Amino acid sequence: MGDQPAFTLQIDQNKYLPLDGREVHAILTVSSTGTVTTTTSVPAEAAEVIIVDTSGSMSGGKIREARQAAASAVQALRDGVNFAVIAGTDTARVVYPRGRAMARATRATRAEAQTAIGKLSANGGTSIGEWLLLARDLLDAHPDAIRHALLMTDGQNNESSDAFARALSACSGRFVCDSLGVGSDWVPAELRKVSEALLGTFDFVRNQSDLSAFFNRITQESMSKTVAELALRVWVPQTATLKFVKQVSPTLLDLTGKRADVNPLTGDYPTGSWGAEEREYHLCVEVPPGQIGTEIRAGWVKLLRPDTQEVLASGNVLAQWTDDLAQSTRINGKVAHYTGQAELHELIQEGLSARAAGAVDVATARLAKARRIAAESGREDTARLLDKVVEVDPRDGTARLRRNVDKADEIELDTGSVRTSRLRQGGEGS
């Protein structure tokens, strides 16, 4: 199609397996120009919902900053975008426009929305699932648009875990949602669930005065999207098992459970909306052992538009058995790097959970190992945050947990653990 941005799919792997080798690992690098190729094309249709926490904990300076941030996000909307603003407490209500239909962004409607936002006040509880369900209802009226929500909260979700899970399930696949946690009273695990269900990011706004900059950046990124939805279609042979499909860059996101069966051998994995960007995915296939010299196609990957079935790029994941030890033991640089990044995330999560449960020895071991991996993989930002939680003696490597850790430092470490670094230039290639 002439109005389709250009996409490429590159596969990095070491295809060689020892005689008893069964697991095939590959990193899929998907790149998009984000730019349509025709001069007659118009911006993609978009629908945006801005969700502002207006619960009682947002009183004082927080609600003032939230009003300013939401107004900034509205100002960043391009003309013609369908939009609405939701105020969230223990219920959800549309602040702008009136009624249940979204407005078209114009100079006049942006000004009206900013006026309505300026009247927001803080009271009530926090029911994030209710906020998302209302956003879904608004966005469902625009099925052909790039549908996106921006959500911010400063507190803990008051809904039951079952109600929250039902809401996330009802919204999954309907729109992408990026979330922001403000201050140190919110629970990263809750926004992580939103991120996993709705294929978005979640971030930590340490200083509420920075909220406007975060809102503006995320809204501009949403406005730059040119394709509403792409899927990775993965085929494996009848004798093989697809063990997982995970996004590993720029953030960690497990897509394995989001499979939509095409046929018994093939499944589609959603990737959300796209602009000019690059993402990387880790695929693992288990195959039965083969004979020396035998080569098979362990996987066939296609990048496609689910609505039209148009294939934008494709590639093969291969496996070949060898008795050459040098070939079979060589680890692909990208596979090794992102395996380490995933391990870093898991160690941080396990360490923080153990610390909260009072399991000091487990927490110390996990976080000290995470500190070493962060340093070795070039994650200086993560290493600095780990230094605020665990102290490692450089002489003998002994570690101990620090006392009186700032809650904001802990949250920043928690939320930041899903972000990954790219493989350094000069790293081992395939």
Side-chain angles (χ1 to χ4, degrees), residues 48-77 83-96 110-132 134-135 148-159 164 177-192 194-195 200-222 381 384-385 388 404-416:
E48 185 80 21
V49 175
I50 300 163
I51 307 172
V52 183
D53 184 344
T54 58
S55 62
S57 60
M58 286 289 295
S59 61
K62 284 183 180 179
I63 193 64
R64 289 193 296 271
E65 296 289 353
R67 288 194 294 255
Q68 183 177 342
S72 175
V74 167
Q75 190 59 40
L77 298 170
F83 79 102
V85 181
I86 290 175
T89 57
D90 42 6
T91 60
R93 67 183 179 89
V94 180
V95 174
Y96 185 85
R110 282 192 290 266
E112 291 171 358
Q114 289 170 328
T115 298
I117 289 167
K119 298 176 182 177
L120 291 175
S121 59
N123 59 79
T126 303
S127 295
I128 296 174
E130 291 295 318
W131 311 350
L132 293 171
L134 179 53
H148 179 262
L150 168 56
L151 180 153
M152 66 78 58
T153 183
D154 81 321
Q156 300 181 19
N157 195 16
N158 301 145
E159 293 170 303
F164 189 35
C177 182
D178 292 318
S179 307
L180 297 173
V182 184
S184 57
D185 293 327
W186 61 288
V187 179
E190 293 173 350
L191 292 193
R192 184 175 291 110
V194 175
S195 171
T201 61
F202 75 105
D203 213 335
F204 172 43
V205 184
R206 189 175 188 126
N207 301 311
Q208 62 191 45
S209 59
D210 296 330
L211 191 57
S212 286
F214 275 81
F215 263 57
N216 191 272
R217 174 181 58 80
I218 293 174
T219 306
Q220 289 187 352
E221 289 175 357
S222 174
D381 54 342
R384 285 194 295 270
L385 288 170
K388 297 179 179 181
N404 302 319
V405 176
D406 188 323
K407 183 65 179 298
D409 289 333
E410 184 178 333
I411 290 177
E412 189 171 2
L413 175 62
D414 190 341
T415 56

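Treat the numbers as computed from the prediction; the structure is a model and nothing was measured. Residue numbers run from 1 in the order of the sequence given.
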Rounded to the nearest 0.5 Å, what's the gap from [atom1] on [X] to [atom2] on [Y]? Could you check?
X: L385; Y: E410; atom1: CG; atom2: CD; result: 11.5 Å
X: L211; Y: M152; atom1: CG; atom2: CE; result: 5.0 Å
X: L132; Y: C177; atom1: CG; atom2: SG; result: 5.5 Å
X: E221; Y: R217; atom1: CD; atom2: CZ; result: 5.0 Å
X: Q68; Y: Q114; atom1: CD; atom2: CD; result: 11.0 Å
X: I128; Y: L151; atom1: CD1; atom2: CG; result: 6.0 Å

If I compare all heavy atoms of [X] with all of [Y], which pair ends up nearest, and what's the gap?
X: R110; Y: L77; answer: NH1-O, 3.0 Å
X: Q208; Y: G61; answer: NE2-C, 3.3 Å
X: S179; Y: V194; answer: OG-CG1, 3.5 Å
X: S59; Y: A122; answer: N-CB, 3.5 Å

Query - N158 (side chain) donor-acceptor with S127 (main chain) under 3.5 angstrom - result: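 Checked: no pair found.
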**Report entry** S195 side-chain N/O to G200 backbone N/O, donor-acceptor pair under 3.5 Å
**Finding:**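 At least one qualifying donor-acceptor pair exists.
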Name all residues meeting the side chain to side chain donor-acceptor pair (under 3.5 Å) criterion together with [X]; count only those two or more places apart in sequence or in a different chain, and write none if there are none.
X: T415; answer: none
X: E130; answer: none
X: T201; answer: D178
X: N216; answer: S72, Q220

Report task. Please identify each residue that fulfils ring pair (Phe, Tyr, Trp, His ring centres under 6.0 Å) with Y96, with sequence neighbours left out. Result ->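 Counting only residues at least two positions away or on another chain, Y96 forms a ring pair (Phe, Tyr, Trp, His ring centres under 6.0 Å) with F83.
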Using the side chain to side chain contact (heavy atoms under 4.5 Å, CB included) criterion, which residues pair with [X]? Sequence neighbours excluded.
X: A92; result: I86, W131, L134
X: A87; result: T54, R93, V95, L120
X: A408; result: F204, R206, D406
X: N123; result: S121

Side chains of residues 182-191: which donor-acceptor pairs under 3.5 Å do they make with residues two or more places apart or in other chains?
unit_1 : atom_1 : unit_2 : atom_2 : d
W186   : NE1    : G183   : O      : 3.0
E190   : OE1    : N157   : N      : 3.0
E190   : OE2    : N157   : N      : 3.4

**Report entry** Note, R384 side chain near D381 side chain (heavy atom, < 4.5 Å)
**Finding:**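 Contact flag for R384/D381 side chains = yes.
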Requested in this report: Keeping to residues at least two apart or across chains, list the salt bridge (Lys or Arg N to Asp or Glu O under 4.0 Å) pairs with something in residues 49-58.
Outcome: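 Matches after skipping sequence neighbours: none remain.
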Report task. Could you name each residue pair satisfying salt bridge (Lys or Arg N to Asp or Glu O under 4.0 Å) that touches residues 60-72, not counting sequence neighbours? Result ->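 Qualifying pairs: K62-D154.
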**Report entry** Matching residue for L150 among V49, L180, I51, V52 - test: side chain to side chain contact (heavy atoms under 4.5 Å, CB included)
**Finding:**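 That would be L180.
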